[in-house]
Amino acid sequence: MSGFLGELIGTMIMIILGDGVCAGVNLKKSYANRSGWIVIALGWGLAVAIGAYAVGRFSGAHLNPALTLGLASVGAFPWSKVPAYLAGQLIGAFLGGCVVYLHYLPHWRETDSPSVKLGVFCTGPAIPHKWSNLLSEVIGTFVLVVGIMSIGANKFAFGLNPLIVGFLIVVIGLSLGGTTGYAINPARDFAPRLAHAVLPIPGKGGSNWGYAWIPVFGPIIGGVFGALFYQTFFTGTTTPAFWIFAVIVAVIVVSAVVSERKRLIETVSAQESAAGQ
């Protein structure tokens, strides 16, 4: 099996199980309806682990453009293979979203909320706040990539690594996922969002393309910076790319803090104006 096909199949499996747990928890008349965030986080962790078990020996089971680009940025993966891996991940994620649609076919009409239907396929912010949402995705993917590289540096019983990575996904979801739904993977968000846009889902509403750039660029920035951070502090090799991405992340941090400060001032002013009337 080629790397392209491995990434396609592995990512498709991951999305079938990951978006599948979102559908089970959120769509009406599912037995899993309202079973909660812990179920979603656990489901996603196991989804990643099973996808990795399925194709790890063929492609290394990146299943995530942010990880592929992060590894390539530190010389741990050849740039020549990057386009095929990214293509496989995007196609696999799109097909996975289509399978979830078919599996839950009668449930779409029973669910009234367009936002709930969209949430099966892709992420969205709990509080819309552009720079803070971007920062959340940067942080989550940074932790993901540093965690994966750290796990890879340790010796486990044969075949245990994918399960440990699955636990990493669970804890990121539980600890950091409440702000944006933790895409931490551009393919996981963009391709199923595209599936949502083209599939004939009853009463689906829009696909929120205005937000879609955040779970693409946030994970890419966080993933590449995570790999460069690991290379710098864990192996003692520093490159100019590390400082470039450190500046990019610093700009995002400052922008998030400043925009939140500005919003707080505007809220207080509005409250004072309302009180004075």
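Shortest non-hydrogen contact noted between Arg188 and Phe121 is NH1-O, 3.1 Å. Considering every non-hydrogen atom in both Leu27 and Tyr104, the closest pair reads CD1-CB, 3.8 Å. Minimum heavy-atom separation, Ser150 to Asn154: O-ND2, 2.7 Å. Closest non-hydrogen pair, Ile13 versus Ala54, comes out as CD1-CB, 3.7 Å. Across Ala61 and Ala52, no two heavy atoms sit closer than the pair CB-CA, 3.6 Å.
The ring pair (Phe, Tyr, Trp, His ring centres under 6.0 Å) contacts involving residues 149-188 comprise Trp37-Tyr182, where partners must be two or more places apart or lie in separate chains. Each ring pair (Phe, Tyr, Trp, His ring centres under 6.0 Å) pair with one or both residues in residues 1-35, not counting sequence neighbours, would appear here, but there are none. The salt bridge (Lys or Arg N to Asp or Glu O under 4.0 Å) contacts involving residues 190-200 comprise Asp189-Arg193, where partners must be two or more places apart or lie in separate chains. Counting only residues at least two apart or on different chains, no salt bridge (Lys or Arg N to Asp or Glu O under 4.0 Å) pair has a member in residues 161-184.
For Ser113, the side chain to side chain donor-acceptor pair (under 3.5 Å) partners are Ser115, not counting sequence neighbours. Listed by chain and number, the residues in a salt bridge (Lys or Arg N to Asp or Glu O under 4.0 Å) with Lys29 are Glu110 (sequence neighbours excluded). Annotation: side chain to side chain donor-acceptor pair (under 3.5 Å) contacts of Thr111 (sequence neighbours excluded): none.
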Hey, can you pull the donor-acceptor pairs under 3.5 Å for the side chains in residues 205-229, sequence neighbours left out?
unit_1, atom_1, unit_2, atom_2, d
Ser207, OG, His196, ND1, 2.8
Trp213, NE1, Gly210, O, 3.4

Without placing hydrogens or testing angles, list every side-chain donor-acceptor pair under 3.5 Å for residues 238-254, not counting sequence neighbours.
none

When the side chains of residues 39-46 are checked against the rest of the protein, which donor-acceptor pairs come out under 3.5 Å, sequence neighbours left out?
unit_1, atom_1, unit_2, atom_2, d
Trp44, NE1, Gly18, O, 3.3

Quiz: residues 257-264 side-chain donor-acceptor pairs under 3.5 angstrom, not counting sequence neighbours:
unit_1, atom_1, unit_2, atom_2, d
Ser259, OG, Ser255, O, 2.9
Ser259, OG, Ala256, O, 3.0
Glu260, OE1, His129, NE2, 3.1
Glu260, OE1, Arg263, NH2, 3.4

Considering only distance and modelled atom types, tabulate donor-acceptor pairs under 3.5 Å from the side chains of residues 66-79, sequence neighbours left out.
unit_1, atom_1, unit_2, atom_2, d
Thr68, OG1, His62, ND1, 2.8
Thr68, OG1, Asn64, O, 3.4
Thr68, OG1, Gln89, NE2, 3.0
Ser73, OG, Gly70, O, 2.6
Trp79, NE1, Ala72, O, 3.2

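No donor-acceptor distance shorter than 3.5 angstrom exists from the side chain of Glu7 to the backbone of Tyr85, with no hydrogens or angles considered. Looking at Asn26, its side chain never comes within 3.5 Å of a backbone N or O of Val116 through a donor-acceptor pair. Judged by distance alone, the side chain of Ser35 and the main-chain N or O of Ala32 form a donor-acceptor pair under 3.5 Å. Not a single donor-acceptor pair under 3.5 Å links the side chain of Thr11 to the backbone N or O of Gly92.
Rounding to the nearest 0.5 Å places OG1 of Thr123 at 10.5 Å from CD1 of Ile184. In this structure, CG on Asn185 lies 8.0 Å from CG on Leu63, to the nearest 0.5 angstrom. Interatomic distance, NZ of Lys204 versus OH of Tyr101, reported as 9.0 Å (0.5 Å rounding).
No more than 12 heavy atoms of other residues, nucleotides or ligands shown are found within 6.0 angstrom of CD1 on Ile127.
In the model, Thr237 has no side-chain atom that pairs as donor or acceptor with a side-chain atom of Gln231 under 3.5 Å.
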